[in-house]
Amino acid sequence: MAFGFTYNEDQIALQKTVRKFVENEIVPVRASYDESEEFPWPEVKKMFELGLNCMNAPEKFNGMVFGNVGLCMVVEELCRGCLGIAISPIANMLASEPVLYGGTEEQWDYWYPSICEEGKLAAYAVTEPGAGSDVAGLSTTCKKDGDYYILNGTKIFITNGKHADKLTVLATHDKSKGNRAQSFFMVDTKTEGVSFGKSEHKMGMRCSETSEVILDNVKVHKKYRLGEEGDGFKLAMKAFNSSRPFIASASTGVASAAFEFARDYAKERKAFGKSIADFQAIQFMLADMAMDIEASKLLWQKAAWLLDEKLMAADLSAMSKCFAADAANRVVTNAVQILGGYGFCREYPVEKMMRDAKILQIFEGTAQIQRVIIGKSVLA
Ligand SMILES: Cc1cc2nc3c(=O)[nH]c(=O)nc-3n(C[C@H](O)[C@H](O)[C@H](O)COP(=O)(O)OP(=O)(O)OC[C@H]3O[C@@H](n4cnc5c(N)ncnc54)[C@H](O)[C@@H]3O)c2cc1C
């Protein structure tokens, strides 16, 4: 039960494998994917072959082997390479959370094989044009019709979106009853009435897919509802509580890559006859960056460890996500500063890292929403 600060041997071996994969397969291609905004299918396939497609799946499907700490460690490594490429397996994990917590064994058998054995993708479809932070206010309806539900509504900003084989969709039985009247459904994207609208062009994470999902009289059997009728909001919150440490570790990955690049650059770059690393102004920036990264790492490690101990803590998950995302934004900004004019140019990777890092303060609950959660917890 004691909290350790080291990885076990298996986790260290996994970390080495993923780091090598990132250096060989992701770093060389990230800039061109960023430029083309093309979905990185070849890299997604390779991540699947490494067993990284759905690491939070039940053990029966070869997931959870390394625990949440191991899983976050892998996310951190992948995001040192490229957040846009890494977000695809991260979105699979988020989409699978309501199934993991609300699904029966039979529902697991329906959901996981396509992701874990066939390398297909999944997407978490909650956000709508009129409801992002305010999940309780969503409008997509699920109307009971015998043994079926009829889903109608539009979801936006859905990661993996049009490339997904299956969705977890949150809908309401009666909007006037707020969060008590919502249910989650597993929806096959080949079902009649499911279509995809526009794909977003984004500031960062540009090669990831962010789609609009349209549900037009989509007929879903009741066996695909997760949990009891009305369990949806609780499952959504549980999903966020357990996935926020992933985003914290993703933030730490982006920050670490930017820090290391800037540190090495500072040692090489000369100004006024010496290396810029000799200037205290640069040293202080590097010191702040190193502190931010270390603190972020400790926070996601504790949050992930609590999950592994079955002690899910909404406040710690929110703190890890909020702190690490804010910290990553400070770190990438300093990295660009340390590179001066070169930092602003696409020839160097830190400007992409700065653009990528912004989303970490927005999705899976904005920085403000995390503070709302933490504020409630400290005042309880
Ligand atoms: C690239 C990308 C990928 C995404 N992937 C997914 C996905 O896979 N699945 C999915 O369901 N969604 C996804 N989202 C949606 C994302 O989770 C939402 O954008 C986010 O939760 C914020 O919601 P919103 O955009 O509607 O902003 P709003 O909720 O409109 O917020 C606007 C501003 O108001 C602030 N605000 C709102 N409410 C409060 C409050 N109570 N107190 C203080 N401040 C508040 C916010 O912090 C923010 O600054 C994605 C978004 C993007 C951009």
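Residue numbers run from 1 in the order of the sequence given. Both counts, for ligands and for their atoms, begin at 1 and track the order of listing.
Of the listed residues (Phe240, Phe363, Phe157), the one carrying the non-hydrogen atom nearest atom 19 (O) of ligand 1 is Phe157. For atom 17 (O) of ligand 1, the nearest non-hydrogen atom from the set Arg371, Gln361, Glu364, Gln370 belongs to Glu364. Across the listed options Ile369, Ile158, Leu167, Ile359, Ile359 owns the non-hydrogen atom lying nearest to atom 52 (C) of ligand 1. For atom 43 (C) of ligand 1, the nearest non-hydrogen atom from the set Met205, Lys155, Gln368 belongs to Gln368.
Checking only distances, Lys202 never comes within under 3.5 Å of ligand 1, N or O to N or O. At under 3.5 Å, a nitrogen or oxygen of Val126, whether backbone or side chain, sits near a nitrogen or oxygen of ligand 1.
For the pair Glu23 and Arg19, the salt-bridge criterion is not met [side-chain N within less than 4.0 Å of a carboxylate O]. Look at Lys60 and Glu105 and you find a salt bridge, because one of the NZ, NE, NH1 or NH2 atoms lies within 4.0 Å of a carboxylate O, short of that distance. Remark: Asp34 engages Arg206 in a salt bridge, criterion side-chain N to carboxylate O under 4.0 Å. Look at Glu200 and Lys202 and you find no salt bridge, because none of the NZ, NE, NH1 or NH2 atoms lies under 4.0 Å from a carboxylate O.
Among all non-hydrogen protein atoms, the one lying nearest atom 27 (O) of ligand 1 is Ser133 OG, 4.2 Å. Summary of contacts: the protein heavy atom closest to atom 24 (P) of ligand 1 is Gly132 CA, 3.9 Å. Remark: minimum distance from atom 9 (N) of ligand 1 to any protein heavy atom is reached at Tyr124 O, 2.7 Å. Of all protein heavy atoms, the one lying nearest to atom 42 (N) of ligand 1 is Val372 CG2, 3.9 Å.
Of the residues His173, Glu229, Lys143, the one that meets the side-chain hydrogen bond (donor to acceptor under 3.5 Å, both in side chains) test with Tyr149 is Glu229. Partner of Tyr224 under the ring pair (Phe, Tyr, Trp, His ring centres under 6.0 Å) criterion, chosen from Phe185, Tyr110, Trp111: Tyr110.
Less than 4.0 angstrom separates atom 6 (C) of ligand 1 from at least one non-hydrogen atom of the protein. Within the 4.0 Å cut-off (strictly below), a protein heavy atom is located near atom 11 (O) of ligand 1. In this structure, atom 2 (C) of ligand 1 has protein heavy atoms in its sub-4.0 angstrom surroundings. Protein non-hydrogen atoms do not reach within 4.0 Å of atom 30 (O) of ligand 1.
With ligand atoms numbered from 1 in the order given, ligand 1 contributes 22 (C), 46 (C), 47 (O) to contacts under 4.0 Å with heavy atoms of Thr366. Every atom of ligand 1 with a heavy atom of Thr127 under 4.0 Å away is listed here by number and element: 10 (C), 11 (O), 12 (N), 13 (C), 14 (N), 15 (C), 16 (C), 17 (O). Each of the following atoms of ligand 1 lies closer than 4.0 Å to a heavy atom of Thr159: 3 (C), 4 (C), 5 (N), 6 (C), 7 (C), 8 (O). Numbered from 1 in the order shown, with element, the atoms of ligand 1 that lie under 4.0 Å from a heavy atom of Ile362 read 20 (C), 21 (O).
Residues that satisfy the ring-ring contact (aromatic ring centres under 6.0 Å, His included) test with Phe48, not counting sequence neighbours, are absent from this structure. For Tyr124, the ring-ring contact (aromatic ring centres under 6.0 Å, His included) partners at least two apart in sequence or on another chain are Phe184, Phe240.
Between Gln361 atom CD and Gln370 atom CD the span is 11.0 Å, to the nearest 0.5 Å.
Note on Leu94: it clusters hydrophobically with Val135, by side-chain heavy-atom contacts below 4.5 Å among ILVMFWY residues.
Below 30°, between 30° and 60°, or above 60°: for His163 and Phe39 the angle between ring planes is between 30° and 60°, a tilted geometry.
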